[in-house]
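For reference, the structure discussed in these notes is given below.
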Amino acid sequence: MARSRVLGADIDAAGGGSGARGILACACAGPGSPRASAAGAAAWNPRCLGLSCRAFPRAAAGTTNLTDRIAKDRLEKLEALRAKGVPPYPARVPSPEPIAGCLAGFEARIGQTVTVAGRLTQVRDFGKLRFSHLLDRSASIQVGFQRDRLPGFWEDRRLVEANDHVVVTGELGRTQKGEPTVWATQVVLASKTLRHAPEKWHGLQDVETRYRMRYVDLFTNPDVRKVFVTRARVLDTVRAFFNGHGYVEVETPILQSIFGGATARPFKTHHNALDMELYLRIAPELYLKRLLVGGLERVYEIGRVFRNEGISPRHNPEFTMLESYEAYADYRTIMARVEGLFALLCERVLGGNTVVRFRGREYDLRPPFRKVRYLDLFAEHNGGLDFFDARAVRARAADLGLASAGLPDEKVANDVFEATCEKTLDGPVFVHDYPVAICPLAKAADHDPRIAERFELFVAGMEVGNAFSELNDPVDQERRFRAQLEHHDEESPSELDVDYVTALEYGMPPAGGLGIGMDRLTMLLTDSASIRDVVFFPLLRRVAAPDVGLETAGDPGTQAPAGG
RNA sequence: GGGGGCGUAGCUCAGCGGUAGAGCAGCGGCCUUUUAAGCCGUUGGUCGUAGGUUCGACCCCUACCGCCCUCACCA
């Protein structure tokens, strides 16, 4: 049985440590083991002057190892740990229980021995005592290290420091001030950290660093973790809602040879083996409606879509969209669905609250929501102007300073709408019955061919949802596609989606469809001002990487074969 | 793409045409109930990058890089 040297005392490593004190060492590579020797055989890195810093095999003379750039005292500690036979990155450690579980019903558990694990924060030395907080996914608890209970650990306590991951076994108790505390009887280093933690009080504030190094942002700023947990809860609730109404969750192609289902510029890519141009989808819509033709009747997809357009606090080039389609329903059914969804979100995400704060204002998300017709809104904010009076609308656009030359009438009119109406839509409010000309995939109302059965949900002036009675007339659909092709631009497909029209020719049941931006919905429910605050890794410009002494990495799309 | 702002130690931030500063973190010392612990001492900088003006530039000017806000496009 392997025995490893432990800080201050020898213990039976594989035996796990009942009664063992100090840092537990696993029975894996110590400094004398073959594996450790292999690593140690590499050149000593000249940049670690004076340090007992074992260079990585890759770091030949003249090159800079990435880890050479970091605080030398941490590297010194790392090597000191190895020299003492304490693996800084052990393969396995004792299994912990969640800290939140220790804190629940704490009084009754005082005196019990628990094993908890996490990242050490805010180490406080106090003579022959040392306190720290231990943070795991569930909560944070104080750990007390006492010299007299941890003689082996105490001598080398400084080798384990703030930001390291540790597993602590100890007795639950309180301090004189009443703070719940694990009084450690055994400390196992789980993972040595080579970087300093950000400032303990202010955390990581620099916005750019927070986005680029979200991993630091997450363990440093509790509110950020909360936002992303809420985001997961939102997605979970959306799934629960649609599953509860008999919908089936599906996945459709992201790589599409013809893009459609929205008006947006796509990203282009290329498949090598097929030598085929492809687009990253701007919407899953046309594939989901093919599934209606296929008889699935109620489908939804929550997935990433990609739009090659500007970036703003409300726009990320990739974002997560919910789209749902329900056969034998129309946009009124879907309006009721949206209200039902928001009721469930209030219940499950907001814990029964219905009022959210967003950008300094409050919004009551309790359904039913206000409903207003597009054309009424248009007239109201433009002195009674008729949307379909092209000449008057163009004059109004000119008054507003909007460019209209060369644009179709309905586009100009919609620009006027957006300029004059959208900002007034505090909401939540459904705007419904849109001009059909700006809705190429929506069905016209039976009573008025100029009106599309469509609504959008606005909250805080932000478009959150979009729905309509789906166009299922193949002849009409082909005509509208052809009209799009006539004034073709980068936002429209350059060819007719023949297969989609064919699918409609096989018969799509009348259906109501819905799209909701999951990122914006999360923004609303977490009071996040920017979409970048609800996306883990928002797209940023690439910055020059530090010189790591390697040959130029090839184009990832045409990388060299693995063997060569 | 236009306009405005920002970039100084690992982190949070001061600074000023005349030798680069503080707090936290780190390192050394004291303290067995601290908790933004405290006290004493101390290490740490290509002031985003490159030019220019100047006797002298972190500071003034120009260009570039990156981020934020805003307008335009969009969800």
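Chain letters run A, B, ... following the sequence lines, proteins first, then strands; residues in each count from 1.
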Short N/O separations, protein against nucleotides 22-26 of chain B, under 3.5 angstrom:
residue: B:C24; atom: O3'; partner: A:Lys200; partner atom: NZ; Å: 3.2
residue: B:A25; atom: OP1; partner: A:Lys200; partner atom: NZ; Å: 2.9
residue: B:G26; atom: O3'; partner: A:Lys77; partner atom: NZ; Å: 3.3
residue: B:G26; atom: O2'; partner: A:Asp73; partner atom: OD1; Å: 3.2
residue: B:G26; atom: O2'; partner: A:Asp73; partner atom: OD2; Å: 3.1

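Across all strands shown, A:Thr263 has heavy atoms under 4.0 Å from sugar-phosphate atoms exclusively, and none from any base. Residue-level contact check: A:Ile516 touches neither bases nor backbone, having no heavy atom under 4.0 Å from any strand. Residue A:Trp183 is classed as a base contact, given a heavy-atom separation below 4.0 Å to a base. Across all strands shown, A:Arg158 has heavy atoms under 4.0 Å from sugar-phosphate atoms exclusively, and none from any base. Among the atoms of the strands shown, none is found under 4.0 Å from any heavy atom of A:Gly465. Here A:Asn308 lies out of heavy-atom contact (under 4.0 Å) with every strand. Among the heavy atoms of the strands lying under 4.0 Å from A:Glu463 are primed sugar atoms or P, OP1, OP2 only; no base atom is included.
Rounded to an integer number of Å, the gap from A:Asp206 CG to B:A9 C1' is 14 Å. Atom CZ of A:Arg541 is separated from atom P of B:G7 by 20 Å (rounded to the nearest Å). The CD1-C1' distance, from A:Ile311 to B:C71, rounds to 16 Å in whole Å. In this structure, the CZ atom of A:Arg281 is 15 Å from the C1' atom of B:A75, given to the nearest Å. Atom CZ of A:Arg157 and atom P of B:U34 are 19 Å apart (whole Å). Taking atom CZ on A:Arg147 and atom C1' on B:U34, their separation rounds to 17 Å, with Å as the unit. Going from atom CZ of A:Arg210 over to atom P of B:C6 covers 20 Å, rounded to whole Å. A:Arg130 has its CZ atom 15 Å from the P atom of B:G38, to the nearest Å.
A salt bridge links A:Glu339 with A:Lys371: at least one charged nitrogen is closer than 4.0 Å to a carboxylate oxygen. Ion pairing of A:Asp164 with A:Arg74 is present here, as a side-chain N (NZ or NE/NH1/NH2) and a carboxylate O approach within less than 4.0 Å. Looking at A:Lys192 and A:Glu79, no side-chain N of the basic residue comes within less than 4.0 Å of a carboxylate O on the acidic one, giving no salt bridge. A salt bridge links A:Arg373 to A:Asp433: one of the charged nitrogens lies within less than 4.0 Å of a carboxylate oxygen.
For the atom pair CZ of A:Phe131 and OG1 of A:Thr181, the computed distance is 6.5 Å after rounding to the nearest 0.5 Å. In this structure, CD1 on A:Ile311 lies 10.5 Å from CD1 on A:Ile531, to the nearest 0.5 angstrom.
The partner of B:G21 is B:C13, by the rule that a Watson-Crick or G-U pair needs both atom distances under 3.5 Å. Remark: B:C27 base-pairs with B:G41; criterion is Watson-Crick or G-U wobble with both hydrogen-bond distances under 3.5 Å. Across all strands shown, the partner of B:G7 is B:C65, judged by Watson-Crick or G-U wobble contacts whose two distances both fall under 3.5 Å.
The separation of B:A57 from B:G18, taken at their P atoms, amounts to 11 Å, rounded to a whole angstrom. For the P atom pair drawn from B:C6 and B:C16, the interatomic distance equals 14 Å after rounding to whole Å. Comparing B:A14 with B:U49, their C1' atoms sit 24 Å apart, to the nearest whole Å. The gap from the C1' atom of B:U43 to that of B:C24 amounts to 15 Å, rounded to the nearest Å. Separating the P atom of B:C58 from that of B:G7 is a span of 15 Å, rounded to the nearest Å. When the P atom is used for both B:C27 and B:G44, the distance is 15 Å, rounded to whole Å. When the C1' atom is compared between B:G48 and B:G5, the two are found 16 Å apart, to the nearest whole Å. On the P atoms, B:C30 is 22 Å away from B:G23, given to the nearest whole Å.
Applying the salt bridge (Lys or Arg N to Asp or Glu O under 4.0 Å) test to A:Lys268 and every residue at least two apart in sequence or in another chain returns nothing.
Two residues, A:Lys128 and A:Glu179, neighbour RNA chain B, and the one matched to the more 5' nucleotide by heavy-atom proximity is A:Lys128. Both A:Tyr211 and A:Gly310 lie close to RNA chain B; mapped to their nearest nucleotides by heavy-atom distance, the more 5′-ward contact belongs to A:Tyr211.
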For this session: Tell me, with the steps shown, if A:Glu199 and A:His202 meet side chain to side chain donor-acceptor pair (under 3.5 Å).
Result: CA-CA 6 Å; A:Glu199 217 263 357; A:His202 299 95; 3.1 Å; yes
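Residue A:Ser530 places its side chain closer to B:C69 than to any other of B:C67, B:U33, B:C69. Considering only side-chain atoms of A:Leu204, the nucleotide from B:U12, B:A75, B:A37 that sits closest is B:U12. Minimum atom distance to the side chain of A:Arg532 is reached by B:C68, of the listed B:G66, B:C68, B:U33.
Stacking between A:Phe131 and B:U34 is present: the aromatic ring centre lies within less than 5.5 angstrom of the base six-membered ring centre, and the two planes differ by under 30 degrees. Residue ring and nucleobase are stacked for A:Phe319 and B:A75, with a centre distance beneath 5.5 angstrom and an angle between planes beneath 30°.
Using modelled atom types and a 3.5 Å distance limit, the side chains of A:Thr175 and A:Gln142 yield no donor-acceptor pair.
Between A:Arg124 and B:G38 there is no side-chain N or O to OP1 or OP2 distance below 4.0 Å. Taking side-chain N and O atoms only, A:Arg542 has no distance below 4.0 Å to OP1 or OP2 of B:G66. Between A:Arg212 and the phosphate of B:C67, there is a side-chain N or O to OP1/OP2 separation shorter than 4.0 Å. For A:Lys177 and B:U34, the shortest distance from a side-chain N or O to OP1 or OP2 is below 4.0 Å.
Just one of A:Tyr434, A:Phe458, A:Phe430 meets the ring pair (Phe, Tyr, Trp, His ring centres under 6.0 Å) condition when paired with A:Tyr374; it is A:Tyr434.
A donor N or O paired with an acceptor N or O is not found under 3.5 Å between the base of B:U35 and the side-chain atoms of A:Gln122.
Shown here is A:Glu107, whose CD atom has more than 12 heavy atoms of other residues, nucleotides or ligands within 6.0 Å.
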